[in-house]
Each structure stands twice: as structure tokens, then as C-alpha cells.
Amino acid sequence: MQTHSFLVIALALANLADVAMATHSISNFGAVPNNPSNAAAATNTLALQKALVAANTSATDRNTLVPAGASFYYFWLKIDYLVNVTLQIDGTLLISNNLTAKEWPTSGGFASLWFEHARGLTLTGNGKIDGQGYDWWWHVIITKEDHRPHMVIMDSSQDILITNLLFVNSPQFHLKLDHIMNVVVRNITIYVDVGKQKELFQKSLNWLPLGNRTHGLISKIKEHIPEQMLKLLDSDLPDELEKILEALGIPTFPLNTDGIDPSGKNVLIENVTITNYDDAVAVKPSSGGDPFTNCSQNMTIRNARVSFGVGMTIGSVPPNENTNCVRNITFEDITFEHPIKAIYIKSNPGDRGNGIIDTITYRHVRGTWPLWYPLWIGPQQQKQPGTAGTGCSFFYPIVDECPTQPRVSINNILLDDVVFENGVTLPGVMLANVSTPYTDFKFNKVTSRGFMSGDFLLEQDYVCKNVKGTADKTTAPLPSCFTS
């Protein structure tokens with residue numbers, strides 16, 4: 001992928017954001033500020049829709065404004081075929097947390113802001129979208145019913161710029177960018193409230209301190225872990241490690257608060273800060289039925305800081321009769337703090353069709369205190385504790401249950417200048433099916449050290465099966481299935 005082509009796209013899209021804002025303020029269409037009632041939320045939803053339609057039909061003023069200094073509660077809206085429209089959010093949009101309101105669909109798959117077939121659309125401003133996710137998450141935990149909205153969906157859209165905004169506590173995915181082309185996302189922050197999620201897990205007995213191991217991850221894992229690890233858990237632990245082991249309760253109840261999930265081609269994501277307890281960026285596959293490309297490709301994700309995330313991720317990629325595909329993706333200049341996973345490439349179960357993951361680069365990556373596995377390349381760990389589930393156990397290789405996927409190939413993976421420090425469990429996992437080995441892996445200046453003077457709790461080497469690769473002499477540890 002040529003970086004200079006992205007710069008041309010970026011400059012052209014940035015010019016759209018420089019257009020002076022004019023009169024299509026949602027206030028002019030009856031929006032009611034600072035009022036959480038259902039009536040106000042319904043009024044604000046309609047006002048936002050009218051303002052966008054007015055901008056889209058204007059010959060001279062194609063800008064919609066959410067004014068500063070006020071908060072506007074709303075439900076959800078879907079709008080099609082916006083062309084060269086800017087939505088400037090300088091105030092706050094709050095997704096209504098009245099889950100029983102009649103305005104909500106009874107099933108998921110929708111978004112509070114849902115754009116289809118847009119061209120030249122810009123989302124920008126000095127404000128934020130607040131998903132009030134706490135109430136939605138708790139509803140899923142206690143009822144097992146899930147009809148949560150995503151925060152933003154852009155589907156079958158092109159020439160998009162998303163910049164300068166704050167996205168907070170989405171009920172589900174924050175930015176779901178499906179089947180898109182020529183997209184720039186820059187200078188944004190995505191934040192999921194750590195305290196609120198911890199409170200939920202404590203209530204649901206999925207996150208408990210080390211002093212009470214009757215529930216949560218530690219109690220579930222103790223029956224499988226080696227005796228030396230049990231002794232360590234029962235000893236005095238460094239404060240940092242204790243925080244990490246407590247935090248390991250998080251994945252036992254995933255809330256699917258992904259950061260940015262693109263599929264399509266020609267995407268630049270840069271200068272982003274993400275804290276979300278799920279995939280920070282997850283590139284999804286495209287196939288023969290997609291409007292712009294039959295393979296998600298030509299994407300660069302760079303200059304990102306991720307805290308408590310589950311990876312700069314490819315996938316998951318299930319097989320598809322039209323061949324699901326992800327190719328030519330680069331992650332560079334990425335910093336991870338307390339990642340649950342960091343480098344994450346995952347296939348998904350399926351018994352029809354094929355999938356391709358090819359030419360993926362991770363360059364200039366730094367990670368500190370990985371909570372689980374700093375690197376995972378293989379089947380998605382989606383069989384959660386206490387569930388029937390399918391696929392790979394979250395506790396693999398402690399629990400030896402991880403069926404591999406012969407229908408999805410993963411080849412040409414480059415890790416260049418990658419350093420992880422103070423890991424807890426092991427350096428990483430690379431797990432392929434014997435009939436479809438992964439090929440052409442290359443590690444250059446890749447180091448991973450555990451918190452115990454360089455050692456890990458479970459394994460000192462990568463768990464590496466049916467993978468063909470090479471590593472330079474500065475890589476440590478050297479994956480056992482590689483050649484030096």
C-alpha cells in the first residue's frame with residue numbers, strides 16, 4: 001500500500017472539514033437540550049434527522065451542527081445517501097438509556113447514528129457522543145437479552161473523514177465501518193469507563209479481588225494451573241501483578257465494545273487513543289458480495305495508544321463460499337498498556353468455503369504488562385467460561401481445547417521491532433491446522449519478557465504448532481517451530 005495515496009485522500013477530506021459552519025443547527029429544528037425524557041429524545045432524534053436532510057438538499061450550506069454547551073439525548077436514526085455533508089458535533093450527543101422506550105428496535109444490528117451509501121461525509125467537532133453503555137451492559141448481564149445499538153455505523157460509504165471527536169461508553173461497537181472505501185479516521189479518542197465495567201463485573205461475580213477466589217477467572221483457572229503457579233498466587237504479589245490478575249476477570253464476560261471495525265479498502269487510522277476492553281481496531285473481512293472490493297485491503301493503522309484492549313486485530317475471519325479475505329494491512333507505531341491481547345489475528349469456525357489472511361505487518365510496537373497473551377495468531381478464543389460456546393477455550397493452552405481452522409489460511413506475517421515487557425502467562429500462541437500450515441512468518445527484532453526477571457508463569461516459549469517462519473538473531477525467545 002502506498003502511503004502517499006492516503007495523504008492525498010487525507011488532505012482532500014480534511015478540506016471538507018474546514019468549511020465554515022452555517023445555519024443547519026439542530027436547535028433550529030426544535031432540539032431540546034439537557035432533557036433526558038423520552039419526549040425530548042424523540043424530538044432531538046427528529047431534529048438531527050431534519051438538519052442532516054436540510055444540509056443534504058442545500059445548494060450552499062451542507063453542514064449540520066450540534067451546538068456547544070449543551071447535551072442532547074436521542075434514540076437512533078438511519079439516513080441514506082448523504083453527499084458532501086459535514087456533521088459538526090461541538091456539544092454532546094447522549095444515547096438514551098431508557099431501554100424500554102418504544103423507539104428502540106427489539107433486535108440488534110442497528111446504530112444510534114447509521115449512515116448508508118454516504119459519499120464525502122465528515123464527522124468532526126470538539127464534542128462527544130456518549131453511549132451511556134453502563135445501563136445497556138447491565139441489562140445484557142442480568143437478562144441475557146441483547147438488542148444494544150452500536151454507536152456509529154457507516155455502510156457502503158466512501159470518501160469519509162472522522163476526526164477530533166470523543167466517543168464514550170458505546171453500548172456495543174463504537175465505529176462500525178462496513179464495506180467502505182477511502183476513509184480517514186484521525187485524532188479521536190474512544191473510552192470505555194473502567195470503573196463502571198469493574199462495578200458490573202463485581203455485581204455479576206465475574207471480577208473479584210484475589211482475596212475472594214470463589215468466582216471469576218482465578219477460581220476457574222486454579223484447577224488447571226501448575227503447582228508452582230498456585231504457590232505464586234498464594235504468595236505476596238507485587239502491586240502491579242495483583243492489579244493484573246484482578247483485571248483478568250474482564251474477559252469472562254465480554255461486552256463487545258470494539259473501538260473501530262473497518263471492512264473495505266483504502267483506510268487510514270492514525271493518532272487515536274483507545275481504552276475499551278475489547279478489540280481496539282479489528283479489520284473485518286470482505287468477500288465477493290461487497291460493493292467496493294472482494295478483499296479488505298490497503299489499510300494503515302498508526303500512531304495509536306491502546307490501554308486495556310484486546311488487540312490491533314485481524315478478524316475474526318470465518319470461511320465463506322465467496323472467500324472471506326483480509327490482505328495488506330499495516331499496524332505501526334502502536335503502544336499497548338496492560339493489553340489483554342496485543343497482536344491478534346484470528347480465524348473463526350465454519351465448514352463451508354474459504355478464508356484468506358495475507359500480508360499483515362506489525363512494526364514499531366511496544367507493550368507493557370500484557371494481561372493474558374501479547375500475541376495470538378490462530379482460532380478465535382471465543383469459548384467463554386461457563387458457556388457451551390464453540391471454538392477455542394479462553395484458557396488454552398492451560399485447557400487443551402482449541403480446534404484449529406483448516407479453511408482459513410494465514411500467510412506472510414511480518415513482526416518488525418516489537419517489544420513486550422512484564423508479560424504474565426507466556427510469550428504468545430501461533431496455532432494452525434496440520435492440513436493448512438501458516439507460512440512465511442518473519443520475526444525481526446521481536447522480544448517478549450516475563451515479569452519474573454524475564455520469565456513467565458506458564459511457558460517460556462511460544463506455543464507454536466504447524467507454523468513455518470524465520471527469525472533474526474535478535475529475536476527472543478525464538479519460536480520453536482521457526483528456523484533461525
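Keep in mind that this is a model prediction, so the values were computed, not measured.
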Separation between [atom1] of [X] and [atom2] of [Y], rounded to the nearest 0.5 Å:
{"X": "Ile410", "Y": "Gln405", "atom1": "CD1", "atom2": "CD", "answer": "9.5 Å"}
{"X": "Trp138", "Y": "Thr143", "atom1": "CH2", "atom2": "OG1", "answer": "10.5 Å"}
{"X": "Asn320", "Y": "Ser287", "atom1": "CG", "atom2": "OG", "answer": "4.5 Å"}
{"X": "Asn328", "Y": "Thr361", "atom1": "CG", "atom2": "OG1", "answer": "7.5 Å"}
{"X": "Leu121", "Y": "Leu82", "atom1": "CG", "atom2": "CG", "answer": "6.0 Å"}
{"X": "Ser286", "Y": "Gln297", "atom1": "OG", "atom2": "CD", "answer": "8.0 Å"}

For the residue pair [X] and [Y], does the interplanar ring angle fall in the parallel (under 30°), tilted (30 to 60°) or perpendicular (over 60°) class?
{"X": "His147", "Y": "Trp136", "answer": "perpendicular"}
{"X": "Phe29", "Y": "His24", "answer": "tilted"}
{"X": "His117", "Y": "Tyr81", "answer": "parallel"}

Subject >> Audit row: Tyr134, Trp137, ring pair (Phe, Tyr, Trp, His ring centres under 6.0 Å) steps and yes/no >> reply: CA-CA 5 Å; Tyr134 177 89; Trp137 306 329; 7.1 Å; no
Assess whether a salt bridge exists between [X] and [Y], defined as any Lys/Arg side-chain N lying under 4.0 Å from an Asp/Glu carboxylate O.
{"X": "Arg363", "Y": "Asp416", "value": "yes"}
{"X": "Asp290", "Y": "Lys284", "value": "no"}
{"X": "Asp178", "Y": "Lys176", "value": "yes"}

Original post:
Under the 3.5 angstrom rule, does the side chain of Trp76 hit a backbone N or O of Glu103 as a donor-acceptor pair?
Top reply: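 Here the side-chain-to-backbone pair exists.
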**OP:** Would you confirm whether Ser58, through its side chain, and Ala54, through its main-chain N or O, come within 3.5 Å as a donor-acceptor pair?
**Re:**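 Checking the backbone N and O of Ala54 against the side chain of Ser58, no donor-acceptor pair under 3.5 Å is found.
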Subject >> Tyr344 six-ring face occupied by Lys341 cation (under 6.0 Å, within 45°) >> reply: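 Satisfied, under 6.0 Å and within 45°.
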Subject >> Residue pairs fulfilling salt bridge (Lys or Arg N to Asp or Glu O under 4.0 Å) with at least one residue in residues 307-325, sequence neighbours excluded >> reply: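 Found Glu321-Arg352.
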**OP:** Report yes if the distance between the aromatic ring centroids of His150 and Trp114 is under 6.0 Å, otherwise no.
**Re:**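 Ring centroids of His150 and Trp114 are no less than 6.0 Å from each other.
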Original post:
For the residue pair His174 and Phe167, is the inter-centroid distance of their aromatic rings smaller than 6.0 Å?
Top reply: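 Here the rings of Phe167 and His174 have centres that are no less than 6.0 Å from each other.
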**OP:** Could you point out which residue of Asn433, Thr436, Asn466 forms a side chain to side chain donor-acceptor pair (under 3.5 Å) with Thr404?
**Re:**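 Among the candidates, only Asn433 passes.
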Original post:
More than 12 non-hydrogen atoms from neighbouring residues, nucleotides or ligands closer than 6.0 Å to NZ on Lys78, yes or no?
Top reply: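 Result for NZ/Lys78: enclosed.
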